[in-house]
Amino acid sequence: MKILRWMGITLLTLVVIVSVALFSTRFADGPIEIVSGGPFSTGEKMTGPEPDWRFLNDKATVEFQLETPARSRTTWVVEHDGKIYIASAYMTTTWGKIWKQWPLDAVKDGRAILRVDGKLYDRQMVRIMEGPEVAPVLELLGKKYNLPSSPEGVASGYVWLFQLAPRKNA
């Protein structure tokens, strides 16, 4: 009986510690690996013409922050024809519906900030559901991250593909 009580207290303590840690990251300057973080508080805001995004081909991950809600995440990224894209898979699975809320927020208000090497870029997240760029972007994601995907996955809603387009008012 004492062992069960000890195990219960230990489990409760662990749950409280993890919950406090996850809540605390909401106030951090950006994400911590796969755990979402708070809004960016550091970085140099970039203005002017679009950069040559090919440098992202050498980056494993980037950070982005949605304006609403103001939380940040780490994600994979690819460049294709001078444009940048990110994807979110598992969107039709139970796990994806629970864990992946940011794509729904991005569709509501796609204003985002991309942070790469301490530089901040205002972006507009635009969901791509079809078109000539879908297949080549998925192929690049597959090669870079060893992930199989197909245009059918995008069409079915299993994979949500976003272009990080320049903001019109930026």
Which atom names give the shortest non-hydrogen contact between Thr74 and Pro31, and what distance separates them? OG1-CG, 3.3 Å
Listing, residues 51-62 side-chain donor-acceptor contacts under 3.5 Å, not counting sequence neighbours, or none:
residue: Asp52; atom: OD1; partner: Arg54; partner atom: N; Å: 3.1
residue: Asp52; atom: OD1; partner: Arg54; partner atom: NE; Å: 3.0
residue: Asp52; atom: OD2; partner: Arg54; partner atom: NE; Å: 3.1
residue: Asp52; atom: OD2; partner: Arg54; partner atom: NH2; Å: 2.5
residue: Trp53; atom: NE1; partner: Glu50; partner atom: OE1; Å: 2.9
residue: Asn57; atom: ND2; partner: Arg54; partner atom: O; Å: 3.3
residue: Asn57; atom: ND2; partner: Glu79; partner atom: OE1; Å: 3.4
residue: Lys59; atom: NZ; partner: Asp117; partner atom: OD1; Å: 2.9
residue: Lys59; atom: NZ; partner: Asp117; partner atom: OD2; Å: 2.9

Relative to each other, are the rings of Trp102 and Phe162 parallel, tilted or perpendicular (30° and 60° limits)? tilted
With rounding to the nearest 0.5 Å, note down the distance linking CG in Leu164 to OH in Tyr85. 10.0 Å
Run Ile128 and Val137 through side-chain contact (heavy atoms from CB on, under 4.5 Å) and show every step you take. CA-CA 11 Å; Ile128 308 294; Val137 167; over 6 Å; no
Just how far is it from atom OG1 of Thr92 to atom CH2 of Trp160, taken to the nearest 0.5 Å? 10.5 Å
Less than 4.5 Å apart, side chain to side chain, heavy atoms only: is that true for Val116 and Val77? no
Do Leu120 and Leu66 share a hydrophobic cluster (ILVMFWY, side-chain heavy atoms under 4.5 Å, transitive)? no
Hydrophobic cluster membership, Val159 vs Leu104, 4.5 Å side-chain cutoff: no
Compare every heavy atom of Ala165 with every heavy atom of Val126, then report the nearest pair and how far apart it is. CG2-CB, 4.3 Å
Dump the intermediate steps for side-chain contact (heavy atoms from CB on, under 4.5 Å) on Thr75 and Arg73, then the final yes or no. CA-CA 6 Å; Thr75 190; Arg73 286 149 186 84; 5.7 Å; no
Under 3.5 Å, is there a donor-acceptor pair between the side chain of Arg167 and the main chain of Ala112? yes
Taking all atoms of both residues into account, what is the closest heavy-atom pair of Lys97 and Met91, and its distance? CG-O, 3.6 Å
Hey, what do you get for CH2 (Trp99) to OG (Ser36), rounding to the nearest 0.5 Å? 7.0 Å
Just verifying a value: how many Å separate Met125 CE and Ile84 CD1, rounded to the nearest 0.5 Å? 10.0 Å
Enclosure of Met129 CE (heavy-atom neighbours >12, cutoff 6.0 Å): no
Do Pro166 and Gln124 touch side chain to side chain, with heavy atoms closer than 4.5 Å? no
When you check the gap from the basic side-chain N to the acidic O, do Asp122 and Lys45 get nearer than 4.0 Å? yes
Output all residues satisfying side-chain contact (heavy atoms from CB on, under 4.5 Å) with Pro69, sequence neighbours left out; order by chain, then residue number. Arg71, Asp105
Which atom pair, heavy atoms only, marks the closest approach of Leu161 to Ala87? CD1-CB, 4.1 Å
Donor-acceptor contact present, side-chain Gln65 to main-chain Phe40, <3.5 Å: yes
From CG (Leu140) to OH (Tyr145), nearest 0.5 Å: 10.5 Å
Mind checking the CZ-OG1 spacing from Arg115 to Thr42? Nearest 0.5 Å is all I need. 4.5 Å
hydrophobic_cluster_shared for Val154 and Leu141, side chain cutoff 4.5 Å: yes
In short, Gln101 meets Ile98 closest at the heavy-atom pair NE2-O, 3.8 Å
Lys83 atom NZ, neighbour heavy-atom count above 12 within 6.0 Å: no
Quick one: closest heavy-atom pair of Ser72 and Gly38, and the distance? OG-O, 2.7 Å
